[in-house]
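Structure first, then comments.
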Protein chains: 2
Amino acid sequence: MYNDYKTKLTQFYNRDRRMPTYSEMMKLFGFKSKNAVARLVDKFIEEGIVSKDYLGRLIADTSFDSIPMLGSVKAGFPSDAEELKDTINIDDYLIAKKDNSYMLTVDGDSMIDAHIADGDMVLVEKTNTAKDGQIVIANVDGEFTMKYFRKDKENKVWLEPANKDFKPIYPKMYLNITAVVKAVIRKY
Amino acid sequence: MYNDYKTKLTQFYNRDRRMPTYSEMMKLFGFKSKNAVARLVDKFIEEGIVSKDYLGRLIADTSFDSIPMLGSVKAGFPSDAEELKDTINIDDYLIAKKDNSYMLTVDGDSMIDAHIADGDMVLVEKTNTAKDGQIVIANVDGEFTMKYFRKDKENKVWLEPANKDFKPIYPKMYLNITAVVKAVIRKY
DNA sequence: AGTATATGTGAACGAGCGTTCACAGTCAAG
DNA sequence: CTTGACTGTGAACGCTCGTTCACATATACT
């Protein structure tokens, strides 16, 4: 019964991306009084799955936006996966600077040995500097490409593919870094 | 000036994960009257970056939760990347059944030829059925592993690694599918 | 200069908010 | 059966909400 309420609350949040008001919870839970809701909310708060802001409005705990984080594949699924408290929010996990992040689609297999395949998506952060060894999006002599960024002791810079069928790219005119790759995402 | 307001609104939303009230916007924008806010909000609505719910409270447009989606790597960065309207929310993009999704860490290189490397994270959906060719988490004779799921015409099932150094796994006692891999995520 | 348009101020308003009270019904333990 | 703890009802309260006035100030155009 009590868990039904939690389920309904979660469903509401997933649908509307916000917590319901007390009136909405009355309908949602089937109560005819806001007081019944208030008592229930107190339990939610005690349990720590929600909290209140400075005006008394409900705030969802981070777990509402997250999915359970299990251990390694070898460890497999715990018998009661629902009980696990460790959760992760993919957006927060991947995106550090939201205002500066972009998604790109990979075409070509020049980075295949780094396990970035044709059709994968990459999350990048815009910048014009990079460290040796980072994967970057760069503009070399007018053409955009994604490669390993290389810089030696004499500050000579070039790009290196992760595919033995491709050759390193040495800029003729210029090599401008546009962004660094922060994550790779592949969907099946 | 007007864009400053949008920036501040975005910052507020990113920090608090909700839209500010009119009073909060007064402080946020430096107004001394709620009416000034109301006029500004009307413009936001006209522009389509926010809307209102049935109670008049502000709702963030989906773009607030998303990051810009550019084209392919070869196309590179458009000269004015800010102007692009195509955005994507990583969570929504990847997660179809939230209540049924889990994250696991990959250990080992048995799927390396499918470009899933040691240390990568996989997003999985719990299920006990799979189609031939899908990547699954399975319990084979008591041990959990991630492999290609195979099923031939006679309904014989086994697991196949994506690494020529590993051999296919034929169950002695049982092969229980636990989850199917929906996405791979690698963070740098 | 004069006028129209846009932008901000200040005050008032009704509505819905979350809170709190007294009270009735339910259920289990003594 | 009685008692006490728990749970839900119904009504009232103060508060902040978003809305909407009339009015002042700034900006732009003729």
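Any value given below was found using the heavy atoms of this structure, including those in side chains, with hydrogens, waters and symmetry copies removed. Per chain, numbering begins at 1; letters A, B, ... match sequence-line order.
When the side-chain nitrogen and oxygen atoms of B/Ser23 are compared with OP1 and OP2 of D/dT16, none of them lie within a distance under 4.0 Å.
Under the side chain to side chain contact (heavy atoms under 4.5 Å, CB included) rule, A/Leu94 has a single partner from A/Asp91, A/Asp92, A/Ile90, which is A/Ile90.
Here C/dT9 presents its C1' atom at 15 Å from CG of B/Leu40, a figure rounded to the nearest Å. Rounded to whole angstrom, the span from the OH atom of A/Tyr54 across to the P atom of C/dC17 amounts to 17 Å. Going from atom CD of A/Glu24 over to atom C1' of C/dG16 covers 11 Å, rounded to whole Å. As rounded to whole Å, 8 Å separates atom P of C/dG18 from atom CG of A/Leu58. Look at CG on B/Asp53: it is 17 Å from P on C/dA15, rounded to the nearest Å. Between the CG atom of A/Leu55 and the C1' atom of C/dG16 there is a distance of 13 Å, given to the nearest Å. The distance between atom OH of B/Tyr22 and atom C1' of C/dG8, rounded to the nearest whole Å, is 16 Å. Taking atom NZ of residue B/Lys52 and atom C1' of nucleotide C/dA15, one finds them 14 Å apart after rounding to whole Å.
Ion pairing of B/Lys167 with B/Glu160 is absent here, as no side-chain N (NZ or NE/NH1/NH2) approaches a carboxylate O to less than 4.0 Å.
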Can you give one letter per nucleotide of nucleotides 6-12 of chain D, 5' to 3': B if a protein heavy atom sits under 4.0 Å from the base, S if only from the sugar-phosphate, - if neither?
-SBBB--
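Nearest heavy-atom pair, A/Tyr13 versus A/Ala60, reported as atom, atom and distance to 0.1 Å: CE1-CB, 3.5 Å.
Between the side chain of B/Asp132 and the backbone N or O of B/Lys151 there is at least one donor-acceptor pair closer than 3.5 Å.
Every residue was checked against the ring pair (Phe, Tyr, Trp, His ring centres under 6.0 Å) condition with A/Phe144, not counting sequence neighbours, and none meets it.
Taking the six-membered ring where the residue is Trp, A/His115 and B/His115 present tilted rings, their angle falling between 30° and 60°.
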